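When a ligand or atom number is given, it counts from 1 through the structure's own listing order. Since this is a predicted model, take the numbers as computed values, not measurements.
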Amino acid sequence: MVPAFDYTYRPPASPGLQQIHARVRDADLLRQLPEVQAIDGLFALPRRVHYVAAECGEFGAFYRPVEAEVVLCYETLRTLYERGQAHQRALGLPDGHPFRYVRANVRFMLLHETGHALVQLLDLPVTGRQEDAVDQLAAILMLRFASLEETPAEVIGNLRLAANWMLSRSTGAYNLDAYADEHALGEQRYFNLQCLVYGTDPERFAGMVEAGDLTAARARVCPRETRQASRAWLRLLLPHLAPGKEVYLDEARRFLDQRD
Ligand SMILES: [Zn+2]
């Protein structure tokens, strides 16, 4: 029996978070994330990973290595919803936009934290910043394992909402703490993610450069960056496929055999 994931909604103490808790518990939000479902059971992990929605006292999502817990804070859902509303108003987007914004960002955040979990549990080698590496993994998983009902345009749209969130959190006013942080600056994470999107299909996304969503200089290297990140993660993860999941080997080998 291969350990997989489990999903828990911890009741919050704060009265202000009761409604959010009830909503995500009733909707079983953690089981509605297609990429998390797709990789549940995909890898031979040494222990079970727990996906937990909880009150944290602050905004955030994180991985707790001792407990092997990927934690999504209820506070995060509230903040994302508000940001989604502001985004909707600013751009005159349809009514469903705030929920779409929350969902896209929750997917990206939990996949980012899942990346930290995989690095720890599978003892994967990482050189450079782990934060950058797991941002790449989150994007790659969203490109590969989105739900079957989603069009490629919707998948890309979700990634760009995650990029928007990174940019929206940034004030642009930085100090030593920000420069020293283990995460890249919000603007850099934004452009890194845009680059991964652009790199999947430079012709289709030529408009991103024209719109200023990516500089022409960076855009030139994005196809290679996207390919390199995908190949690296694939090679790191393939040896850890769970028994019975060998069906992914052929697809992976075909991808890895493609030369630049
Ligand atoms: Zn992280």
Side-chain angles (χ1 to χ4, degrees), residues 5 7 29-30 33 35-36 38-40 43 45 47-80 83 101-145 158-171 174-197 225-226 228-230 232-233 236-237 240:
F5 304 158
Y7 308 91
L29 174 78
L30 296 170
L33 311 173
E35 300 86 359
V36 171
I39 62 168
D40 189 349
F43 304 111
L45 301 174
R47 60 188 290 200
R48 194 176 284 277
V49 179
H50 310 286
Y51 286 77
V52 180
E55 176 174 5
C56 305
E58 59 182 353
F59 169 90
F62 46 90
Y63 176 62
R64 290 153 51 116
V66 175
E67 298 83 359
E69 276 184 3
V70 171
V71 180
L72 171 66
C73 308
Y74 292 124
E75 292 90 338
T76 306
L77 295 166
R78 184 168 58 194
T79 306
L80 283 173
R83 174 62 212 162
Y101 193 91
V102 173
R103 211 172 120 79
N105 276 289
V106 165
R107 283 159 81 171
F108 187 87
M109 282 178 196
L110 291 191
L111 293 171
H112 171 109
E113 301 309 329
T114 301
H116 287 307
L118 293 175
V119 167
Q120 185 226 357
L121 295 170
L122 299 174
D123 194 21
L124 301 177
V126 176
T127 74
R129 280 203 280 216
Q130 189 180 133
E131 294 302 331
D132 291 342
V134 300
D135 269 354
Q136 290 173 345
L137 177 68
I140 292 163
L141 291 174
M142 284 175 75
L143 288 166
R144 171 60 185 82
F145 287 119
N158 289 334
L159 276 170
R160 298 196 71 186
L161 292 180
N164 172 277
W165 165 248
M166 285 169 186
L167 196 60
S168 75
R169 290 175 75 198
S170 176
T171 60
Y174 288 123
N175 55 21
L176 274 185
D177 286 342
Y179 291 126
D181 197 79
E182 59 187 328
H183 300 87
L185 305 178
E187 288 86 347
Q188 292 176 304
R189 295 180 78 192
Y190 168 82
F191 283 117
N192 289 341
L193 197 43
Q194 298 281 62
C195 183
L196 286 176
V197 167
E225 265 190 62
T226 304
Q228 235 167 28
S230 304
W233 270 108
L236 287 171
L237 289 172
H240 301 286

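Among His50, His116, Glu69, the single residue meeting the side chain to side chain donor-acceptor pair (under 3.5 Å) criterion with Arg64 is Glu69.
Although no hydrogens or angles enter the test, the distance criterion places no donor-acceptor pair under 3.5 Å between the side chain of Tyr63 and the main chain of Thr114.
In summary, the side chains of Tyr7 and Asp40 do present a donor paired with an acceptor at a separation below 3.5 Å, with no hydrogens or angles considered. The closest side-chain donor-acceptor pair between Gln188 and His183, if any, does not fall under 3.5 angstrom.
Distances from the Zn ion (ligand 1) to each N, O or S atom of Glu131 single out OE1 as the nearest. Atom NE2 is the N/O/S atom of His112 found closest to the Zn ion (ligand 1).
Among the atoms of His183, no N, O or S atom falls under 2.8 Å of the Zn ion (ligand 1). Asp135 lies apart from the Zn ion (ligand 1) in this respect, since none of its N, O or S atoms is found at a distance under 2.8 Å.
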